[in-house]
Each structure stands twice: as structure tokens, then as C-alpha cells.
Amino acid sequence: MENIDIARMFEDVAALLEIQGANPFRIRAYQNAARTIESHTTPLRKLVTEGAKLTDLPGVGKDIAGYITELVETGELGLFKELTEKVPPSLIELTRLPGVGAKKTKKLWEELGIETIDGLERAANAGEVADLEGFGAKSQQKILEGIAAHRRRQARFRISDADQYVEPLIAYMKEEKAVERIEVAGSYRRRRETVGDIDILAIASEPGQVMQRFTSYPDVSRVELAGDTKGTVVLRSGLQVDLRILPPQSYGAALQYFTGSKEHNVKLRKRAVARDLRVSEYGVFLTGGEEEAAAADPYAGEFVAGWEEGEVYEAVELAWMAPELREDRGEIEAAERGQLPDLITLDDIRGDLQMHSTWSDGKHSIEEMLDGCVERGYEYFAVTDHSKALAMTGGLDAAKLRDQWVEIEEIASRRPEIRVLRSMEVDILADGGLDLEDEMLAQLDVVLVSVHSKFDLPATKQTERILKAIQHPAVHILAHPTGRLINRRDPMEFDLDEVLQCAAECDVIVELNAHPERLDLRDTHLMRARELGLKVVISTDAHRVADLGLMRYGVDQARRAWLGRDDVVNTYPLEKLLTIFDK
DNA sequence: GCCGTTTTCGGCCCGACTGTTTTCAGTCG
């Protein structure tokens with residue numbers, strides 16, 4: 001029972017309560033708890049075993065703490081069973097269809113006996129939905145479209161894929177003269193590893209022209225809505241894009257508002273309320289306790305701030321903070337204490353410690369990779385071709401590795417402007433052994449180990465396997481520790497926390513693999529690693545020169561994990577780096 | 001259901017758009 005499973009269970013409980021028309025604040029309590037749990041860095045099952053006080057977690061009180069314990073100890077939740085005796089659990093999925101919430105789900109179920117998406121589709125096709133009070137022909141059509149979209153919906157878009165859609169769209173929008181400023185907000189600006197949709201914010205004196213331009217974008221497959229200030233389109237790729245248009249004095253407030261996260265904003269607004277302020281996308285206003293006025297006029301009250309984002313934070317007595325931090329993981333409290341982290345930036349990176357060459361499955365030679373690293377201003381890089389167990393990649397055995405060292409020696413003698421580190425991405429074998437002789441390992445400047453096979457071992461075996469590997473005295477770095485591929489392969493089942501603790505004891509560095517398909521470790525894992533005092537290396541795992549540019553995705557992820565320069569070893573100058581590898 | 005530099009009770013963030021509405025509910029972010 002991982003944190004994510006516990007969080008899902010509470011989300012489902014919230015959905016079931018909502019369908020039953022329970023107290024909205026009770027519903028929110030479960031949603032809040034789910035959120036806390038999902039992003040908590042320590043596995044709750046450990047806290048339960050250790051008898052820690054779960055009620056110390058924000059949003060977790062006596063009841064929910066009890067439910068967590070029950071879930072961890074029995075794997076089940078009595079409350080969920082009780083709820084599903086009254087409401088079929090398949091209705092939860094219905095509430096997740098666009099345009100269908102709890103109320104409509106309830107109505108569909110009670111009036112038409114609909115319990116599943118298939119059942120809803122049949123009823124809609126038969127025209128039964130349109131006859132229901134509160135529904136109509138358009139709702140029915142929307143539901144059918146929603147079902148179709150739900151079926152073909154791919155998972156969320158990887159951030160690197162979103163980049164490919166967003167950059168040309170923004171360039172296109174900027175050609176419209178009425179656009180005074182334009183910015184992408186939302187999870188894209190927070191640089192999450194995946195995004196569900198894209199939130200764009202534009203400042204314009206002539207909103208109509210801007211909306212017109214937006215909905216006419218050639219890559220738009222359909223326009224979902226197009227009002228005066230708010231529009232939604234779906235691109236051919238299926239990526240949804242929202243546009244909000246606001247006046248100039250609201251630019252900062254709107255950027256703050258639409259960057260989110262939602263949870264961060266909720267907390268910010270509570271702070272505002274405590275100061276008799278109202279924060280909305282239009283600005284920060286002095287309320288004077290007249291809430292009704294605001295409902296009629298979003299500009300009611302004295303305008304205090306809004307032109308720039310920093311003003312909004314200033315109005316609630318906080319320092320501006322990087323979007324990557326805005327997940328309500330303690331950043332507001334840190335800002336309160338004046339202790340916001342000094343985040344790593346791309347400019348801090350001095351080298352790249354995982355890449356492949358034509359010696360194994362890379363597309364470019366060592367020297368071509370060297371040129372790419374020099375171009376990026378690096379001081380050093382490691383050549384980390386695969387070991388022999390990965391036959392399909394042309395992995396190297398001891399003899400070939402020696403040959404490679406000869407080539408490295410020769411290149412290094414001609415190219416003193418950068419240090420080439422002798423390395424290898426050594427496979428962790430099924431029994432936890434390493435795929436290279438000790439005598440060879442000892443001669444490498446830096447040793448990476450990683451799992452590339454038998455991802456489906458039972459969790460305890462998998463954990464033992466990795467623990468054994470990182471306890472080998474020659475090992476410096478555990479590469480892509482969980483093995484996940486975003487949207488393609490789940491992380492391996494093993495006890496990551498135990499591995500991290502062991503790595504801390506053995507002075508093993510954990511990798512943040514910057515490849516946007518991996519981003520492994522993920523942000524919450526990295527936060528945990530930092531708590532344990534571990535060092536991190538951000539590496540691109542480049543297989544061609546262009547891949548060296550993926551470093552930015554790793555840095556984004558590191559920033560989301562609150563990492564600073566000191567936490568990341570490839571920000572260190574060469575000398576300092578080498579002392580770490582000399583263990 | 002959670003929470004507390006006013007509080008153990010009474011609050012809990014704010015606004016836009018759509019569709020089916022004759023004045024607003026539901027949904028979404």
C-alpha cells in the first residue's frame with residue numbers, strides 16, 4: 001500500500017460522498033488529505049509501522065488517521081465498503097467525464113439506472129439523456145463526445161511534448177498586434193513532468209481579436225468554448241489549451257492565479273482573507289468586509305496590487321517564489337520564515353555524467369559527444385556505455401572497455417579543454433551482482449549501476465537485488481532508480497525508501513535522469529533523498545549530441561524538488577567532484 | 001472531516017461559461 005494508493009482511495013471516497021450529496025466540506029477534507037498523502041515523501045506505511053503521529057500531517061485528523069492505519073494494516077477500508085453499498089463504485093468513473101459531475105451522475109443513476117460509461121453511452125445514443133430534467137440535446141451530445149474523448153484519451157502529455165505544441169502556438173499568438181503580453185501559466189509553468197492541459201494568459205485591449213486569432217489557430221481541431229475573456233480549444237494532438245484574456249493591471253495577479261497550483265493558491269488566499277484582502281485573477285483588493293459587492297463586481301474594493309506577480313506575494317507579506325515550488329509543499333511557510341530555497345539553475349551545471357557513444361547504443365562518437373559538451377561550456381563529462389549484459393545495445397566487455405580507454409586516452413591528449421571521465425553504466429544483474437569485473441570497476445573514474453532487465457521481480461527480491469548492487473564498494477551512482485517510463489512503464493516494485501537509506505549509508509549518489517521520458521527519480525523521491533542527506537546527479541542519458549540539451553528537464557525537476565547547487569554533484573568543479581568519487 | 005496569535009464551534013477560495021434556465025445550477029479550473 002503506497003501513498004499513491006492511499007490517496008486514490010480517499011479520492012474515491014470523496015467522489016462517492018459527493019454523489020451522495022454529503023457535506024461539501026467533508027468531501028473537501030478527503031480531497032485535501034489525498035493531496036497531502038500523494039506528495040508526502042515518506043511512505044505512510046512506514047509511519048504507521050513506527051507508530052508515528054499521522055495527525056501531524058496537514059489535513060489529517062483523528063478519523064482519517066484511523067482510515068490510513070486501517071488501509072495499511074488490512075489493505076481495505078470499511079468506509080469505502082459502506083459507501084459502495086449505497087452507491088455503485090462504477091459511478092466514480094462517470095463523474096470524471098467532462099461536463100458530468102456528481103449531481104448529474106446521481107441523476108443519471110437514479111432516473112435512468114445508469115451505472116457505467118457504456119450504459120451512459122447507450123442511453124445517450126437512444127436519446128434518453130436529453131429528456132432528463134436539467135439535461136438537453138446539447139448536454140447529451142457533449143456527453144457522447146466526452147465518452148469518445150475519454151476512450152481515446154492518452155495519458156497526460158509529457159512536458160517535452162507539450163513544449164513542442166506550446167512554442168509555435170505562442171509564436172503564432174504574438175503575431176496578433178492586439179496581444180500586449182502573453183504567457184503560459186499552469187502546470188506547464190510549474191514544469192511538472194506531465195501536463196493535462198495548457199493555460200495561456202494574454203493581456204489585450206481588444207480581447208475579441210485575440211480570441212478570434214486563438215480559435216483560428218490552424219492546429220485547432222475543435223473549439224470547446226469561446227467567450228469574451230475565456231476560450232478553450234483542443235489541438236489535433238488532443239492537447240487542450242485554455243486562453244484567458246485580461247486587462248494590463250491584472251497581468252501579475254492573473255499570472256499568479258493561473259500558474260497555481262490550486263492548492264498553493266488556496267493557501268495564499270486564506271492568507272489574504274486574514275488581511276482583509278481578496279485575491280483573484282483580477283488583482284488584490286481591500287475587501288472592507290463586503291463580500292456581496294465582490295460577487296457582483298470582481299473589481300469591488302480598493303485595488304492594491306496586480307500589475308506584476310511579485311506584488312501579489314508582497315501584498316500578503318511573502319517573497320515571490322519560483323513557480324516550480326508552488327505545490328503547497330511547505331513553500332508558503334518557508335517564504336514566511338524567509339527561508340525559500342536557493343534553487344539550482346541550468347547555468348550551475350558543469351558536466352554530464354551519463355551518456356552513450358557509438359561504442360554501445362549511442363549515435364555519435366565519443367569525440368562528437370565531447371564537442372557537444374564543450375559547446376555547452378562543461379568542464380567534464382563521463383562516457384557511460386552499456387555493459388555486456390545488454391547485448392542488444394552492443395554492451396562492452398572488459399576487453400572492449402580497455403579498447404575504449406585507449407581511444408579516450410588519445411582524445412584526451414588532443415582535447416585538454418574538457419576532462420573525459422572513464423565510466424560505464426554497469427548492469428545490475430538479477431542477483432544483484434555487477435556486470436563487470438571488480439578489477440575493471442576499480443579503474444573507472446566513476447561507476448554507474450542500473451537495472452535494465454527483470455523489472456518484474458517480486459518487490460522483496462527487487463529490493464534485495466538493488467541493495468546488494470549499491471553496497472558494492474566500487475559503485476558511485478545509482479542511475480534511473482525506479483526504471484519507470486512516463487506513460488509507458490510503471491516504476492519497478494521495490495522499497496525505494498530502503499534503497500535511499502542504504503545509498504545514504506554507502507555514499508552512493510542517486511541519479512535524476514533528465515530524459516523527459518524518465519525523469520527518474522521524481523520530485524517527491526528527490527525531496528526524500530535530500531531529507532536523507534543524499535547527493536543527486538542530474539544526467540541526460542544522451543544517446544546523441546542533441547540529447548545533451550535535455551538537461552533542462554532534469555534541472556526543472558530538481559527545482560521542483562527544492563534542490564540547490566550543493567545538492568547536485570555535477571554543479572561541482574572537477575576537483576571537488578573527483579574527491580567524491582575517490583571513496 | 002479538519003482546524004484554531006479572536007475560536008473546541010463555526011467557519012472552510014473565487015470566478016467564468018454553458019445549457020436549460022425565467023433567475024440559476026452544475027461544472028470546471
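Letters go in sequence order (proteins before strands), and every chain restarts at 1. Scope of the values below: all heavy atoms of this structure, side chains included, with no hydrogens, waters or symmetry mates. Because the structure is a prediction, the values reported are computed rather than measured.
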Checklist entry - Which part of the nucleic acid does A:Lys270 contact within heavy-atom distance under 4.0 Å: base, sugar-phosphate only, or nothing? => result sugar-phosphate
Next on the checklist: Counting the atoms with a prime plus P, OP1 and OP2 as sugar-phosphate, which does A:Lys267 contact under 4.0 Å by heavy atoms, base, sugar-phosphate, or nothing?
Outcome noted: nothing
Item to check | Residue matched to B:dT8 through Watson-Crick or wobble contacts both under 3.5 angstrom | outcome: none
Next on the checklist: Regarding B:dG29, can its base be found pairing with the side chain of A:Tyr257 as donor and acceptor, where the two atoms are less than 3.5 Å apart?
Outcome noted: yes
Checklist outcome for this item: By nearest-nucleotide position on DNA chain B, the 5'-leaning member of A:Asp242 and A:Asn265 is A:Asn265
Checklist entry - Choosing from B:dA16, B:dG26, B:dC17, which nucleotide comes nearest the side chain of A:Arg244? => result B:dA16
Checklist entry - With a 4.0 Å cut-off on heavy atoms, is A:Pro24 in touch with a base, just the backbone sugar-phosphate, or nothing at all? => result nothing
Next on the checklist: With salt bridge (charged side-chain N to carboxylate O under 4.0 Å, His left out) as the test, pick out the partner of A:Arg326 among A:Glu263, A:Glu331, A:Glu309.
Outcome noted: A:Glu309
Checklist entry - Touch check for A:Ala130, heavy atoms < 4.0 angstrom, all strands: base, sugar-phosphate only, or nothing? => result nothing
Checklist entry - Does the side chain of A:Gln209 come under 3.5 Å of the side chain of A:Glu176 through a donor N or O and an acceptor N or O? => result yes
Checklist entry - Considering only B:dG29, B:dA16, B:dT20, which nucleotide approaches the side chain of A:Asp197 most closely? => result B:dG29
Checklist entry - Which class fits the ring pair A:Phe10 and A:Tyr67: parallel under 30°, tilted 30 to 60°, perpendicular over 60°? => result tilted
Item to check | B:dG1 base / A:Asn23 side chain donor-acceptor hit below 3.5 Å | outcome: yes
Next on the checklist: Between A:Glu193 and A:Tyr553, is there a side-chain donor-acceptor contact under 3.5 Å, judged purely by atom types and distance?
Outcome noted: no
Checklist entry - B:dT20 phosphate, OP1 or OP2: any side-chain N/O from A:Ser139 under 4.0 angstrom? => result yes
Next on the checklist: Using a heavy-atom cut-off of 4.0 Å across all strands, would you classify A:Ala102 as base, sugar-phosphate, or nothing?
Outcome noted: sugar-phosphate
Checklist outcome for this item: Which of B:dC13, B:dG15, B:dC17 is nearest the side chain of A:Leu225? It is B:dC17
Next on the checklist: I want to check one thing: is the phosphate of B:dC2, taken as OP1 and OP2, less than 4.0 Å away from some side-chain N or O of A:Tyr67?
Outcome noted: no
Checklist entry - For B:dC17, does either OP1 or OP2 sit under 4.0 Å from a side-chain N or O belonging to A:Thr229? => result yes
Item to check | Residue closer to the 5' end of DNA chain B, A:Lys262 versus A:Thr95 (nearest nucleotide) | outcome: A:Lys262
Next on the checklist: If we check side chain to side chain contact (heavy atoms under 4.5 Å, CB included) with A:Val555, which of these qualifies: A:Leu346, A:Leu550, A:Leu343?
Outcome noted: A:Leu346
Next on the checklist: What contact category does A:Ala226 fall into here, base, sugar-phosphate, or nothing, at under 4.0 angstrom with non-hydrogen atoms?
Outcome noted: sugar-phosphate
Checklist outcome for this item: Taking B:dG15, B:dG26, B:dT18 as options, the one with an atom nearest any side-chain atom of A:Arg278 is B:dG15
Checklist entry - Within less than 4.0 Å of OP1 or OP2 of B:dC13, is there a side-chain N or O belonging to A:Arg269? => result no
